[in-house]
Amino acid sequence: MKIELEQVSPHEIEKRSFEIITEELNGRTFPEDQELVVKRCIHTSADFDYADNLCFSDHAVQKGIEAIRAGACIVTDTQMARSGINKKVLARHGGEALCYMSDEDVAARAKETGSTRAAACMEKAAELDKKLIIAVGNAPTALVRLYELIGEGKIKPALIIGVPVGFVNVVQSKELIMQTDIPYIVARGRKGGSNIAACICNALLYMLDQDRGY
């Protein structure tokens with residue numbers, strides 16, 4: 001069997017990928033502000049389920065972009081998610097990407113309280129005097145603790161990106177976040193991941209800079 005390769009120049013590969021995604025969505029449309037987020041999640045994962053499982057609170061994308069424009073920092077629950085965020089674009093607006101999972105004080109706090117490091121990370125984030133976007137791609141315990149901190153009035157993020165992946169309390173943690181009054185982008189169900197958390201952050205950054213917005 002002869003295998004035919006599509007001839008695409010290196011700098012056109014990503015754009016061509018988005019063209020294929022659009023074709024395979026068979027004319028399906030999304031609200032204008034949500035379209036790039038949905039397509040970037042599909043592009044990152046090759047999983048078209050994100051066309052159905054991504055949930056957005058009212059004006060969530062707009063509020064996320066406004067927060068970045070105002071210099072918001074993005075706090076992630078994994079170093080992988082932090083690594084995937086386009087920090088150059090974020091820095092142009094005065095923000096930075098932060099992850100506390102490797103911090104000794106976070107490890108000590110988790111041990112002392114019997115919680116996970118991810119939950120302790122949210123507690124440390126709550127101590128920041130900064131505008132925040134919280135992006136969780138791995139640990140449902142981070143979302144559960146975040147939900148508690150919001151209820152306690154200790155943190156009020158500009159946006160929560162809730163896309164942990166897995167089985168134990170993953171579905172429930174996302175549902176909790178959708179019950180708060182905080183703007184959210186959530187991947188309902190079991191799917192998600194650090195790569196999805198990072199790509200949603202990047203979708204917001206690229207829309208703000210009108211760069212790589214296909």
Side-chain angles (χ1 to χ4, degrees), residues 10 13-22 24-25 30 33-56 60-61 64-65 67-68 72-91 95-102 116-118 121-122 125 132-144 146 157 159-171 173-174 177-178 184-209 211-214:
I13 291 174
E14 184 180 70
K15 186 176 181 180
R16 176 60 185 138
S17 295
F18 275 80
E19 290 172 352
I20 293 170
I21 290 167
T22 300
E24 295 197 16
L25 283 168
F30 306 90
D33 61 335
Q34 299 175 14
E35 182 176 5
L36 183 61
V37 177
V38 173
K39 288 183 176 179
R40 282 213 165 268
C41 288
I42 295 171
H43 177 255
T44 294
S45 62
D47 187 343
F48 281 81
D49 282 356
Y50 286 104
D52 297 307
N53 66 23
L54 280 179
C55 299
F56 299 78
V61 172
I65 289 173
I68 293 169
C73 292
I74 300 175
V75 177
T76 68
D77 67 324
T78 64
Q79 295 292 351
M80 181 185 292
R82 179 184 175 276
S83 296
I85 294 169
N86 190 318
K87 289 172 280 296
K88 285 186 178 180
V89 177
L90 183 59
E96 59 181 323
L98 305 168
C99 180
Y100 300 124
M101 285 295 286
S102 303
T116 66
R117 288 195 185 193
C121 282
M122 297 299 103
L132 299 176
I133 291 173
I134 306 292
V136 175
N138 183 68
T141 55
L143 283 189
V144 172
L146 184 58
L159 175 69
I160 298 171
I161 297 169
V163 292
V165 61
F167 300 94
V168 179
N169 288 329
V170 169
V171 174
S173 68
K174 295 173 181 178
I177 292 303
M178 290 192 287
Y184 63 77
I185 301 173
V186 164
R188 211 166 204 161
R190 292 174 170 175
K191 292 186 177 182
S194 295
N195 58 338
I196 296 297
C199 91
I200 292 173
C201 293
N202 287 336
L204 302 180
L205 290 165
Y206 298 151
M207 279 189 279
L208 179 57
D209 274 26
D211 176 31
R212 292 165 67 183
Y214 304 117

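Basis for what follows: all heavy atoms, side chains included, without hydrogens, waters or symmetry-related copies.
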Starting from the C-alpha separation in whole Å, work towards a yes-or-no answer on side-chain contact (heavy atoms from CB on, under 4.5 Å) for M207 and V37. CA-CA 9 Å; M207 279 189 279; V37 177; 3.9 Å; yes

Apply side-chain contact (heavy atoms from CB on, under 4.5 Å) to V144 and list each qualifying residue two or more places apart in sequence or on a separate chain. E148, S173, L176

Can you name the nearest heavy-atom pair linking P140 to P164, along with the distance? N-CB, 4.0 Å

Contact between I200 and Y50 at the side-chain level, heavy atoms closer than 4.5 Å - yes or no? no

Within this structure, what is the OG-CD distance for the pair S194 and Q79, rounded to the nearest 0.5 Å? 10.0 Å

How long is the straight-line distance from CZ of F18 back to CD1 of I13, given to the nearest 0.5 Å? 13.5 Å

Would you call C121 and V75 a side-chain contact if the rule is heavy atoms closer than 4.5 Å? no

Minimum-distance pair of heavy atoms, taken over all atoms of I74 and C201: CG2-SG, 3.9 Å

Derivation and outcome, salt bridge (charged side-chain N to carboxylate O under 4.0 Å, His left out), residues R40 and E14: CA-CA 10 Å; R40 282 213 165 268; E14 184 180 70; 3.5 Å; yes

Smallest heavy-atom separation, C199 atom then T44 atom, equals CB-OG1, 3.2 Å

NZ (K174) and CE (M178) are apart, to the nearest 0.5 Å, by 8.5 Å

C41 versus S45, closest heavy-atom pair with distance: O-OG, 2.7 Å

Using 0.5 Å steps for rounding, measure from the NE2 atom of H43 to the CD1 atom of I21. 6.0 Å

Flag the pair R82 / L98 as yes when at least one side-chain heavy-atom distance between them is below 4.5 Å, and no otherwise. no

Of D77, I177, N169, V186, which meets side-chain contact (heavy atoms from CB on, under 4.5 Å) against L143? I177

Could you tell me whether the side chain of D33 reaches within less than 4.5 Å of the side chain of F56, counting heavy atoms only? no

Mark yes or no for whether N53, through its side chain, and A187, through its backbone, hold a donor-acceptor pair below 3.5 Å. no

Min side-chain heavy-atom separation I134-Y184 under 4.5 Å: no

Check: L204 and V61 side chains under 4.5 Å, non-hydrogen atoms: yes

Quick check for you: to the nearest 0.5 Å, what is the distance between L132 atom CG and L159 atom CG? 11.0 Å

Find out whether K191 and I196 are in side-chain contact, i.e. whether some heavy atom of one side chain is under 4.5 Å from a heavy atom of the other. no

Shortest non-hydrogen separation from L146 to P157 and the atoms involved: CD1-CG, 4.3 Å

Taking salt bridge (charged side-chain N to carboxylate O under 4.0 Å, His left out) as the test, write out the residues that go with R188, two or more places apart. E175

Smallest heavy-atom separation, K87 atom then A97 atom, equals CG-CB, 4.0 Å

May I ask you to test the L54-F30 pair for a side-chain heavy-atom distance under 4.5 Å? no

Atom CD1 of I85 and atom CD of E96: how far apart are they, to the nearest 0.5 Å? 11.5 Å

